Each structure stands twice: as C-alpha cells, then as structure tokens.
Amino acid sequence: MNDVVDTTSGWIDAAQSVQGDTIALRRAIHAEPELGLQTPKTMAKVRAALAGLPLEWKTGKSTTGAVAVLRGGKPGRTVLLRGDMDALPMPEDTDVPFKSTVAGTMHACGHDTHTAMLASAARLLCAKRDSLAGTVLFMFQPGEEGWFGAKLMIDDGLLDNPKPDAAFAIHIMPNAPAGTLGSKAGPMLASSDKLTIRIRGKGGHASMPHHAVDPVPVACEIVTAIQVFVTRRIDIFDPAVVTVAKIESGSTNNVIPEHADLLGTIRTISEESRQAVHAGIARVAENIARAHECEAEVTIDLGFPVTICDARAVAFAQQSIEGLFGKESWETMPSPLMGAEDFSYVLQKVPGAMLFLGVCPQGQMWRTACPCHSNKMVLNEEMLARGVAAHCAIAERFLQRGLG
Ligand SMILES: [Zn+2]
Ligand SMILES: [Zn+2]
C-alpha cells in the first residue's frame with residue numbers, strides 16, 4: 001500500500017507528556033469564556049502557551065482569530081488543523097472548580113478543549129519541525145456559534161497563502177464512548193437556517209371574532225401544516241427537520257391580537273432539500289394565511305451550509321486513528337447529525353473531515369450524559385490527550401503521503 005514507515009505511535013506518549021498543560025490551558029479558557037468573533041483573552045492565552053515556538057501568526061480584520069503557520073524542515077504539502085474558541089451565552093450550572101467566572105457565559109460546546117488540544121498539537125509538531133515535509137496551519141477560530149467565524153477568516157484571506165491541501169477538525173462529544181473517534185463520508189452535519197413567520201390578521205374583541213381576523217388559530221394551523229409538508233413532500237432519504245420553537249402573540253385573554261409570530265429552525269443535509277423546504281414553507285404558510293384572510297410574511301435567514309466530509313479524507317482519518325489507537329477506537333457514524341458547524345465553509349474550499357471525539361464523563365453512560373450546549377455539560381479531560389495525538393498523527397501522516 002505504501003512504503004512510508006508509520007511514525008504515529010510516538011504521538012500518544014508525546015500527547016501524554018503535555019497533558020498537564022493541555023488541561024491547564026483548557027481550564028483557564030473555561031474559567032474565562034468569551035463570545036462571538038472577538039475572543040482576545042482566549043487568543044492571548046494561546047499565544048502565551050505557544051510563545052517562542054517557530055510559528056508565523058497570520059491575523060485578519062474581521063475576528064481576533066489567527067492562523068499559526070508551521071513550516072517544516074522540507075517543502076511539501078499543507079495541512080490545516082482547526083480549533084474553535086468561542087463560548088455560549090448561557091449560565092453554567094456545573095460544580096467544576098474552574099467553572100465560568102463570567103455571568104451568563106459558558107463553554108458548553110467544548111470549544112475550550114478544542115483550542116487547548118490544538119495548542120498542544122502545535123507545540124508537539126513544532127518539536128518535530130525538522131522532520132516535517134510541508135506546512136501545518138493551526139486555525140484558531142472564534143465565532144463558531146452562529147457568528148460565521150470560519151467564513152470570515154476565509155474571506156480575510158487567512159487560508160490563502162499557503163493554501164491547505166486538506167483540513168481536519170476535532171469536536172468533542174460527551175454522548176459518545178470516551179476515547180472513540182469517528183466521522184462519516186459525505187453529509188455529516190446539517191445546514192441550519194432561521195425561520196421567522198409573521199401572520200397578520202386584524203385585532204378586535206375576543207368575544208366577536210367575526211369582526212376581527214384572528215391570526216392565532218392560523219398560526220397554529222401553519223405550525224401543523226409545516227410538519228405535514230415535511231413528511232409528505234420531502235424525500236425521507238434526504239431528510240429535513242423543521243422545528244417551530246417559539247410562538248408569540250397576544251397580550252391578554254379578551255383581545256384578538258393583530259399578528260402572531262413563529263420562530264424556528266430548518267435543518268437539511270442537501271442543498272436540494274434545503275431549497276425545497278424553503279419554497280415549501282413559504283407556499284404552505286402564505287396559502288393557509290390567505291385561506292383565512294390573513295397574510296403570512298416568511299423570512300428565512302441563511303445559516304451554515306451542510307458540512308460535507310470528503311470520503312478520502314474520512315478514510316485517511318480512520319486509518320490514522322486505527323493506526324494510533326487500534327481498530328476499536330474508530331466509530332463510523334451511521335447517519336449525519338442535524339446540528340451545524342461553520343467548519344462547513346472550510347470543507348467547501350478544501351477536502352477534509354471533521355471528527356468527533358467521545359469524552360463521556362467517568363462514571364456516566366454516554367447515552368444519557370449531558371450533551372453539548374447543556375448548562376451541566378462536563379467531560380472526561382483524560383481524553384484530550386487522544387485529540388492532541390490524533391491532530392499530530394493526522395498532520396504528520398498527511399504531509400508524508402497525502403490522502404493516499
Ligand atoms: Zn455548539
Ligand atoms: Zn461546537
């Protein structure tokens with residue numbers, strides 16, 4: 001298959017040797033979480049952890065993110081590793097000693113661990129610089145949680161020179177067995193669009209609805225009809241999820257309100273069903289409203305596109321992980337998840353893959369552990385060494401042989 005000696009085995013020990021620093025950096029970031037596109041304190045912690053290393057730092061105007069460039073001792077391919085940095089606007093209700101000190105802000109999606117794992121991988125790969133043939137890009141990215149940070153860093157030209165030949169990211173997952181890594185070829189995460197519908201009627205006295213145009217039952221009918229539309233008109237093998245998560249209307253018990261508002265999310269795993277759902281929701285909402293002499297105004301704000309993993313990159317990652325930790329450490333995902341990721345923008349430009357790393361807390365069942373975005377999400381920090389070793393092995397192996 002190849003004549004390249006597999007040198008990945010040393011990465012497990014190397015990752016263990018910096019595990020104390022990985023955890024310390026993760027906890028420092030966790031205690032001081034930042035939101036959105038500006039994460040300067042987090043970036044400063046990374047820069048301090050990597051001070052003095054042979055990295056060139058590229059920054060852009062749109063975010064505080066940076067790409068650290070490691071040029072190996074010999075020329076060759078370029079591989080990108082990505083870690084996101086931002087937290088979520090929500091309270092933390094864990095009892096860890098490094099709990100968030102910023103009210104209403106929590107690293108509940110594990111981006112603190114992604115940043116720390118990437119920093120340790122950068123340190124270890126720097127130590128091997130002379131033997132690396134090619135370039136490693138470490139993408140420290142703020143603004144993943146709906147802020148389009150990855151897209152903005154691309155638009156700022158941070159992935160242009162040198163351009164990566166492949167890109168990989170690792171996302172932790174408390175709802176997977178600790179230590180397993182996995183992915184799937186093709187669509188892996190969904191597109192995510194925001195749905196807003198305003199149904200306009202005519203206000204009036206609640207006792208005399210025939211003198212008004214009541215938007216409330218029309219809104220209810222639209223919520224139900226959207227679900228009928230999705231199951232009847234969307235191919236079950238190219239699925240869509242539409243959830244109306246918020247209904248808002250009215251002010252009191254005896255007044256028919258002027259309008260009713262629906263707010264929800266649209267998830268699909270192909271551009272075809274994404275377009276079909278957008279058109280179908282507008283058709284259903286507008287026509288139901290018209291049937292009842294209301295008007296529906298449908299607004300769809302486009303979010304992240306579908307995250308599509310390159311089949312060769314997934315096979316490559318699987319071989320790398322199995323070579324490192326053994327066959328039982330890899331889990332091919334049976335189906336996509338309907339969550340979304342802005343790493344999708346990187347994968348639109350560059351073949352690559354996102355991997356999930358199981359970090360189910362010790363003593364818990366992975367199926368029932370608090371998931372990402374839970375106010376009680378905790379994780380098994382011992383597994384971070386696996387993520388560090390995986391980053392290093394994937395980068396080194398890609399520089400040695402490409403996707404093969
Ligand atoms: Zn998240
Ligand atoms: Zn995340």
Side-chain angles (χ1 to χ4, degrees), residues 26 29-30 33-37 39 42-43 46 63 65 80-94 100 102 104-119 138-153 167-176 181-184 187-194 241 243 245 265-267 303-309 333 336-347 352-361 366 369-381 383-384 387 390-391:
R26 183 259 163 160
I29 294 170
H30 190 94
E34 296 177 288
L35 299 172
L37 299 169
T39 59
T42 309
M43 198 68 233
V46 169
T63 79
L80 180 144
L81 305 173
R82 177 270 211 165
D84 43 6
M85 312 178 89
D86 58 320
L88 285 155
M90 57 183 283
E92 174 162 358
D93 295 315
T94 72
S100 172
V102 182
T105 310
M106 176 186 179
H107 266 293
C109 203
H111 300 183
D112 50 347
T113 68
H114 305 167
T115 303
M117 289 191 291
L118 190 63
F138 303 94
M139 181 180 182
F140 290 98
Q141 180 218 309
E144 191 284 324
E145 295 287 357
W147 296 86
F148 298 88
K151 181 176 190 305
L152 291 166
M153 287 181 73
F168 296 90
I170 297 176
H171 201 298
I172 60 99
M173 171 83 77
N175 301 108
L181 284 127
S183 184
K184 76 175 282 297
M188 182 221 201
L189 291 163
S191 61
S192 169
D193 302 319
K194 181 178 163 193
V241 169
T243 295
T265 188
I266 302 168
R267 309 295 172 111
F304 303 158
V306 181
T307 301
I308 299 175
C309 295
M333 293 166 61
L337 298 176
M338 296 313 259
E341 245 293 337
D342 73 351
F343 191 59
S344 51
Y345 290 104
V346 177
L347 295 183
M354 169 165 261
L355 312 184
F356 282 114
L357 167 64
V359 292
C360 177
W366 61 267
C370 288
C372 283
H373 290 213
S374 162
N375 54 330
K376 294 184 177 146
M377 196 276 276
V378 291
L379 53 92
N380 183 339
E381 287 180 324
M383 298 307 136
L384 302 188
H391 269 316

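Position 1 is the first residue of the sequence; numbering continues from there. Just so we're clear, the structure is a prediction, and the values are computed from it rather than from any experiment. Whatever order the structure lists them in is the order used to number ligands and atoms, beginning at 1.
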Worksheet item: Which atoms of the protein, restricted to N, O or S, are nearer than 2.8 Å to the Zn ion (ligand 2)?
Response: Cys109 SG, His111 NE2, His171 NE2
Item to complete: Give a yes or no on whether the backbone of Glu145 and the side-chain of Asp86 come within a donor-acceptor separation of less than 3.5 Å.
Response: yes
Worksheet item: With under 30° as parallel and over 60° as perpendicular, where do the rings of His114 and His171 fit, or are they tilted in between?
Response: perpendicular
Discussion item. For Tyr345, give me all partners under ring pair (Phe, Tyr, Trp, His ring centres under 6.0 Å), at least two apart in sequence or on another chain.
Written reply: none
Worksheet item: Of Leu118, Leu80, Val46, which meets side-chain contact (heavy atoms from CB on, under 4.5 Å) against Phe138?
Response: Leu118
Fill in: Partner of Gln141 by side-chain hydrogen bond (donor to acceptor under 3.5 Å, both in side chains), out of Thr39, Asp342, Asp84
Asp342
Fill in: Asn175 side chain vs Trp366 backbone, donor-acceptor pair below 3.5 Å
yes
